[in-house]
2 protein chains.
Amino acid sequence: MERYEKPSVTVDIVIFTIKDNDLKILLVKRGIEPFKNMWAIPGGFVRIEESLEEAAKRELEEETSVRADYLEQLYTFGEVNRDPRGRVITVAYFALIKSEKISKLKATADVIEAKWFSAFKLPKLAFDHEKILEYAIKRLRWKFEYTTVVFSLLPEKFSLTELQKIYEIIFDKKFDKRNFRKKILSLNIIEKTKERQKNVSNRPPQLYKFKKKIGEIVEII
Amino acid sequence: MERYEKPSVTVDIVIFTIKDNDLKILLVKRGIEPFKNMWAIPGGFVRIEESLEEAAKRELEEETSVRADYLEQLYTFGEVNRDPRGRVITVAYFALIKSEKISKLKATADVIEAKWFSAFKLPKLAFDHEKILEYAIKRLRWKFEYTTVVFSLLPEKFSLTELQKIYEIIFDKKFDKRNFRKKILSLNIIEKTKERQKNVSNRPPQLYKFKKKIGEIVEII
DNA sequence: CCAAAAGTGTTTGCTCTACACCCATGG
DNA sequence: CCATGGGTGTAGAGCAAACACTTTTGG
């Protein structure tokens, strides 16, 4: 059906989490050429019998042993010379994972080591992966500003302070507590539960839960 | 380098223009199976020595004989069974063209006919192309709301009424003339020229020109 | 002088920002 | 009773929406 040579297709997944009061990205150290021993975004070839999204989920689960709490396609990078091995088109995905769920990272075949890096202090990367990460961070901020993805990083019941902290980490700035709470409450997307947090050595915060569907478009901040 | 069978990769281009006071999309009638005689979004295989964007430009120029005034990647569709011929991943692009430039559409190989359809009255389409168009129209509206792409559809010098008309067509609703003008002028993205439009049988409008870079993010409406 | 589109301001309500103190709990 | 984070209101500025009449030109 096709008269031309085919390019190869890979998926790469930018996996974000919030850990130690910082925004983290999962990177892997390559065990094979090209770019052996350099850090890169995890990814791999798309198999003929799986969809792009299935491929992204598979790669992510191979690396972290858990399912993504949020996953969406980011962009497709298809410059002719982006991979020295030949023509490789990569479909980049963007994932969010709750850090509590992650126990241990696994080095898969071709990978020496997997590690969380601060999104604000990244090493030099293989291929055009710096461009991909730049794009991913922009998208991340857009998503948090205009949609409700944040709730995919929170437990079912959470305090308003936990919510605000995530925004402060991602936007790398402080928000006024009163204004933030007023704004969030006015959106009518969360509701009080009957519980308060236990085991805190100060006034126990009210816990809320999210009322809507994650990812929905709502201007948050 | 790869142990698996490769998928094929195509680009499909959703080409928009404003013509006859309506938002139009270019479709082609397929001359070959599968979906012979059905309407589809123009597209074709990505060649091994061209980037995705180059492929999109080539396909677009083959169809319309002109260069796009605006082009960006939309989304990559990669479900396993979206093409009955086998595994085909398509990278969809989104293009805007000034309608004055287009003289005649060309039917290329494999295509019986090319035709502009109203975006609000589309025929049944081949493959998953209805999903692609739905996605494209959403993106189009987003782009017009939050960026300055509109200027890629206007001549260098234009009146505020022409500008407003494009918004009314795309959002399929009327805007208040005074508020619209106030908003646009307050953005500080256009400036008066010394000219007024000629050959109109009424008060000749002031012509403006755009000061910035097309596509820049600015909340327009 | 008529038809057609251009051009122009004000009021009202809402939303965003800035800002500081008291409260509840555990140790 | 102290340390820690939780929880709350108000005033002022800026932005968005509603709304109608006069001006300029060609025919």
Side-chain angles (χ1 to χ4, degrees), chain A residues 18 20-21 141 144-148 150 154-155 157-169 171-210 217-221, chain B residues 18 20-21 141 144-148 150 154-155 157-169 171-210 217-221:
Chain A
I18 302 272
D20 309 329
N21 272 323
R141 291 196 165 142
F144 277 77
E145 190 160 356
Y146 295 107
T147 80
T148 58
V150 67
L154 287 165
K157 293 168 188 173
F158 53 84
S159 70
L160 295 179
T161 302
E162 288 177 276
L163 178 60
Q164 182 171 346
K165 244 184 206 143
I166 294 181
Y167 275 92
E168 292 183 336
I169 291 165
F171 289 93
D172 200 19
K173 69 172 183 188
K174 296 282 173 202
F175 293 95
D176 178 86
K177 201 191 342 178
R178 279 172 294 190
N179 291 339
F180 184 86
R181 292 160 102 95
K182 218 184 310 167
K183 184 69 206 273
I184 294 292
L185 292 170
S186 77
L187 296 174
N188 208 29
I189 53 175
I190 58 172
E191 60 191 11
K192 275 191 189 177
T193 65
K194 283 170 193 149
E195 295 172 58
R196 299 182 157 269
Q197 209 158 88
K198 287 290 191 185
N199 308 319
V200 280
S201 76
N202 48 37
R203 179 170 174 174
Q206 171 70 237
L207 295 176
Y208 287 81
K209 67 178 200 192
F210 180 54
I217 294 195
V218 173
E219 283 201 28
I220 306 268
I221 53 169
Chain B
I18 303 271
D20 308 329
N21 271 324
R141 291 195 165 142
F144 276 78
E145 192 161 353
Y146 295 107
T147 79
T148 58
V150 66
L154 287 165
K157 292 168 189 174
F158 53 85
S159 70
L160 295 179
T161 302
E162 288 176 277
L163 178 61
Q164 184 172 345
K165 244 184 206 142
I166 294 181
Y167 275 92
E168 292 182 339
I169 291 165
F171 289 93
D172 199 20
K173 69 172 184 189
K174 297 282 172 201
F175 293 95
D176 178 86
K177 202 191 340 176
R178 280 171 294 189
N179 290 338
F180 184 85
R181 292 159 101 98
K182 219 183 310 168
K183 184 68 206 273
I184 294 292
L185 292 171
S186 77
L187 296 173
N188 208 28
I189 53 175
I190 58 172
E191 61 192 8
K192 274 191 192 178
T193 66
K194 284 171 192 147
E195 294 171 58
R196 300 182 156 270
Q197 208 159 89
K198 286 291 190 186
N199 307 320
V200 279
S201 76
N202 47 37
R203 179 169 174 176
Q206 171 70 49
L207 294 176
Y208 287 81
K209 67 179 199 191
F210 181 53
I217 294 194
V218 172
E219 284 201 29
I220 305 269
I221 54 171

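Letters A, B, ... mirror the listed sequences (proteins, then strands); counts begin at 1. Only heavy atoms go into these numbers, but all of them, side chains included; no hydrogens, no water, no symmetry mates.
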- request: Check every strand shown and say whether A/T161 touches a base, only sugar-phosphate, or nothing at a heavy-atom separation below 4.0 Å.
  value: sugar-phosphate
query: Taking the side chain as C-beta and beyond, is there a heavy-atom pair between B/L154 and B/E162 under 4.5 Å?
result: yes
query: Counting only N and O atoms by type, is there a donor-acceptor contact under 3.5 Å from the side chain of A/E219 to the main-chain atoms of A/T147?
result: no
- prompt: In whole angstroms, how far is the P atom of D/dG5 from the CD atom of A/E168?
  reply: 13 Å
- prompt: Is it true that B/E168 and B/K173 make a salt bridge, defined as a side-chain N closer than 4.0 Å to a carboxylate O?
  reply: no
Restricting both atoms to N or O, compile the protein contacts to nucleotides 25-27 of chain C shorter than 3.5 Å, with distance only.
none

- prompt: For the pair made of CD in A/E219 and C1' in C/dC16, what is the distance, rounded to whole Å?
  reply: 13 Å
- prompt: Side chains of B/I221 and B/F180: closer than 4.5 Å at any heavy-atom pair?
  reply: yes
query: Please give, in whole Å, the distance from C/dG7 P to B/L160 CG?
result: 7 Å
- prompt: Are the side chains of A/I190 and A/K209 in touch, meaning some heavy atoms are under 4.5 Å apart?
  reply: no
- line: A/L187 CG to C/dC16 C1', in whole Å, measures 13 Å
Identify all pairs in which a protein N or O lies below 3.5 Å from an N or O of nucleotides 8-14 of chain D, and state each distance.
residue	atom	partner	partner atom	Å
D/dT10	O4	A/K182	NZ	2.8

message: Using whole Å, what does the distance between atom C1' of nucleotide D/dG6 and atom NZ of A/K198 come to?
response: 16 Å
- request: Indicate yes or no: at least one non-hydrogen side-chain atom of B/R181 is less than 4.5 angstrom from one of B/T161.
  value: yes
message: What's the separation between atom NZ in B/K192 and atom CG in B/L207, rounded to the nearest 0.5 Å?
response: 11.5 Å
task: Using atom NZ of B/K183 as one end and atom C1' of D/dA18 as the other, report the distance to the nearest whole Å.
output: 16 Å
field: Pairwise side-chain contact, A/L160 with A/P205, heavy-atom cut-off 4.5 Å (strictly under)
entry: no
task: Check the distance between C/dT15's C1' and A/N188's CG and give it to me in whole angstrom.
output: 17 Å
field: Between D/dT24 (P) and B/Q197 (CD): distance, integer Å
entry: 18 Å
Ring pair (Phe, Tyr, Trp, His ring centres under 6.0 Å) between B/F171 and B/F144, intermediate numbers included: CA-CA 9 Å; B/F171 289 93; B/F144 276 78; 7.2 Å; no
